Amino acid sequence: MNLISCIESEAARLTQAGLFFGHGTTNAFDEAAWLALWRLQLPLDALDEHAERELSDAEHAAIAALVDERIATRKPAAYLTGEAWLQGVPFTIDERAIVPRSFIAELIADASIDPWLHPDSRRVLDLCTGNGSLAVLAAMAWPDVEVDALDIDTHALAVAKLNVERHNLALRVRLLQGDGLAGADGSYDLILCNPPYVNSASMAALPAEYRAEPELALAGGADGMDFIRALLRAAPAALNDQGVLVLEIGNEREHFEAAFPALEVVWMETSSGADQVLLVTKENLL
């Protein structure tokens, strides 16, 4: 059997098992391709080049075993491979942190945030940093800034440390532990935050793949706004005069607008539309 036939066969098994895809892929074929290429130690963008490669019985069995594990555990594929990609950048990941997938990464990569930064911006905070991916991407995108990566969870910060070191950014990305902005150090020109925002009804209905992730990083209370209420109260004191907050709220725009009806924000355009991520200035927060 060649590689493409193997992937098609394994994708059919993933579909039949009723798995959920949303941690780096959106469909069974892409998930099967990821698992197969990773098991063969091939680049994840090399399928076209290797599609007709004949697999040995041992290679086929190894791929099938990995798919078996994906089906049996319902864990995101990234937890099985130990690696996830965001904006083409590889990140180490395990079950101590949620799989990186923030739409804020798109806004960093396509420079959508840049017009909101003043020329002397030097300090960035990645709040709820998880595995550190946004902090790393921010440091890569803005070579003149120093980034603080803050999380309440020491286990997640241990994963973030691996990624800061992996990308040789230990001199520019500082890891901090604390509860929300109480753990911040000084004031910032930009705060990035992908917080726990899933409302309780949605939490109860999450597929097993999401329940495999740390609940602390997902659950946002009855309306998803528990962390965000505290954040918006504290944010002005943590922002410089021209500072801005970029906040991801997922599918909770209705709850956000109900909780903060008078707050003027800018909704940022991402691949998922213009209601997943917002930007708010210090001036408007005040």
Side-chain angles (χ1 to χ4, degrees), residues 6-7 10-11 13-15 17-47 62-106 108-109 126 128-137 140 149 151 153-167 194-198 203 206-219 248 250 270-272 276:
C6 173
I7 289 171
E10 298 304 328
R13 290 210 296 139
L14 291 172
T15 298
L19 299 185
F20 183 86
F21 309 107
H23 293 85
T25 68
T26 59
N27 59 78
F29 180 87
D30 288 349
E31 188 100 346
W34 177 8
L35 293 171
L37 290 164
W38 179 82
R39 178 56 84 198
L40 296 174
Q41 298 184 307
L42 294 172
L44 297 187
D45 59 358
L47 178 56
I63 292 168
L66 186 57
V67 171
D68 286 342
E69 185 179 6
R70 173 72 175 89
I71 292 170
T73 65
R74 294 304 206 263
K75 292 178 181 177
Y79 285 160
L80 306 183
T81 66
E83 188 169 71
W85 293 72
L86 200 56
Q87 293 299 311
V89 179
F91 293 99
T92 300
I93 188 63
D94 62 39
E95 290 167 71
R96 293 174 291 178
I98 64 170
V99 177
R101 52 185 178 273
S102 174
F103 289 111
I104 294 174
E106 297 179 12
I108 295 172
D126 176 23
C128 306
T129 193
N131 83 324
S133 52
L134 291 182
V136 166
L137 292 174
M140 289 177 168
D151 206 287
D153 189 346
T154 56
H155 301 295
L157 285 171
V159 184
K161 184 174 188 289
L162 297 176
N163 285 308
V164 170
E165 293 173 348
R166 176 175 185 166
H167 293 288
N194 181 23
Y197 55 66
V198 183
M203 282 294 299
L206 284 178
E209 284 82 355
Y210 287 103
R211 294 199 299 274
E213 297 181 295
E215 183 178 344
L216 180 67
L218 297 172
E248 183 159 336
T270 72
S271 61
S272 188
Q276 300 268 333

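Worth knowing before you read on, the calculation uses all heavy atoms, side chains too, and leaves out hydrogens, waters and symmetry mates. Here the structure is a predicted model, which is why all the values come from computation and not from measurement.
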Practice problem: Could you go through the side chain to side chain contact (heavy atoms under 4.5 Å, CB included) check for Ile63 and Leu40 one step at a time? | Solution: CA-CA 8 Å; Ile63 292 168; Leu40 296 174; 4.1 Å; yes
Stepwise side chain to side chain contact (heavy atoms under 4.5 Å, CB included) test for Ile108 and Gln87: CA-CA 9 Å; Ile108 295 172; Gln87 293 299 311; over 6 Å; no
Step by step, work out the salt bridge (charged side-chain N to carboxylate O under 4.0 Å, His left out) result for Arg101 and Glu213.
CA-CA 13 Å; Arg101 52 185 178 273; Glu213 297 181 295; 2.8 Å; yes
Fill in: Trace of the side chain to side chain contact (heavy atoms under 4.5 Å, CB included) decision for Val198 with Tyr210
CA-CA 11 Å; Val198 183; Tyr210 287 103; over 6 Å; no
Working note: Asp153 + Arg96, criterion salt bridge (charged side-chain N to carboxylate O under 4.0 Å, His left out); need CA distance, chi angles, decisive distance, verdict. CA-CA 9 Å; Asp153 189 346; Arg96 293 174 291 178; over 6 Å; no
Quiz prompt | Working for side chain to side chain contact (heavy atoms under 4.5 Å, CB included), residues Leu66 and Glu10 | solution = CA-CA 10 Å; Leu66 186 57; Glu10 298 304 328; over 6 Å; no
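Considering NZ of Lys161 and CG of Asn131, their distance stands at 15.0 Å, rounded to 0.5 Å. Gln276 contributes atom CD, which lies 9.5 Å from atom OG of Ser102 (distance to the nearest 0.5 angstrom). Distance OG1/Thr81 to CG/Leu37: 11.5 Å, rounded to 0.5 Å. Going from atom CZ of Arg74 over to atom CG of Leu19 covers 4.5 Å, rounded to the nearest 0.5 Å. We find the CG-CG distance between Leu162 and Leu157 to be 11.0 Å, quoted to the nearest 0.5 Å. In this structure, CH2 on Trp38 lies 10.5 Å from CG on Leu44, to the nearest 0.5 angstrom.
What you find for Ala11 and Ala32 is that their closest heavy atoms are N-CB, 3.7 Å. Between Phe103 and Ser271 the shortest heavy-atom distance is CE2-OG, 3.5 Å. Counting all heavy atoms, side chain and backbone alike, Ala78 lies closest to Trp34 at N-CH2, 3.6 Å.
Counting heavy atoms from C-beta outward, Ile7 and Leu47 have side chains that approach closer than 4.5 Å. Glu215 has its side chain within reach of Met203: a pair of non-hydrogen atoms, C-beta onward, lies under 4.5 Å apart. Under the 4.5 Å side-chain criterion, counting only non-hydrogen atoms from C-beta, Pro196 is not in contact with Leu218. Between Trp85 and Ile93 the shortest side-chain heavy-atom distance does not fall below 4.5 Å. Under the 4.5 Å side-chain criterion, counting only non-hydrogen atoms from C-beta, Leu134 is not in contact with Thr129. Put simply, the side chain of Phe21 reaches to within 4.5 Å of the side chain of Leu14, judged on heavy atoms.
Residues meeting the side-chain hydrogen bond (donor to acceptor under 3.5 Å, both in side chains) test with Thr25, sequence neighbours left out: Glu31. Scored by the ring-ring contact (aromatic ring centres under 6.0 Å, His included) test, Tyr197 finds no partners at all (sequence neighbours excluded).
Judged by distance alone, the side chain of Asp151 and the main-chain N or O of Ala156 form no donor-acceptor pair under 3.5 Å. No donor-acceptor distance shorter than 3.5 angstrom exists from the side chain of Glu83 to the backbone of Thr92, with no hydrogens or angles considered. Of the possible polar contacts, none joining the Asp126 side chain to the Ala149 backbone as a donor-acceptor pair under 3.5 Å is found. Listed for the Glu95 side chain is no donor-acceptor partner under 3.5 Å among the backbone atoms of Ala212. In this structure, His167 contributes its side chain and Pro90 its backbone to a donor-acceptor pair below 3.5 Å.
Between His23 and Tyr79, the gap from one ring centroid to the other reaches at least 6.0 Å.
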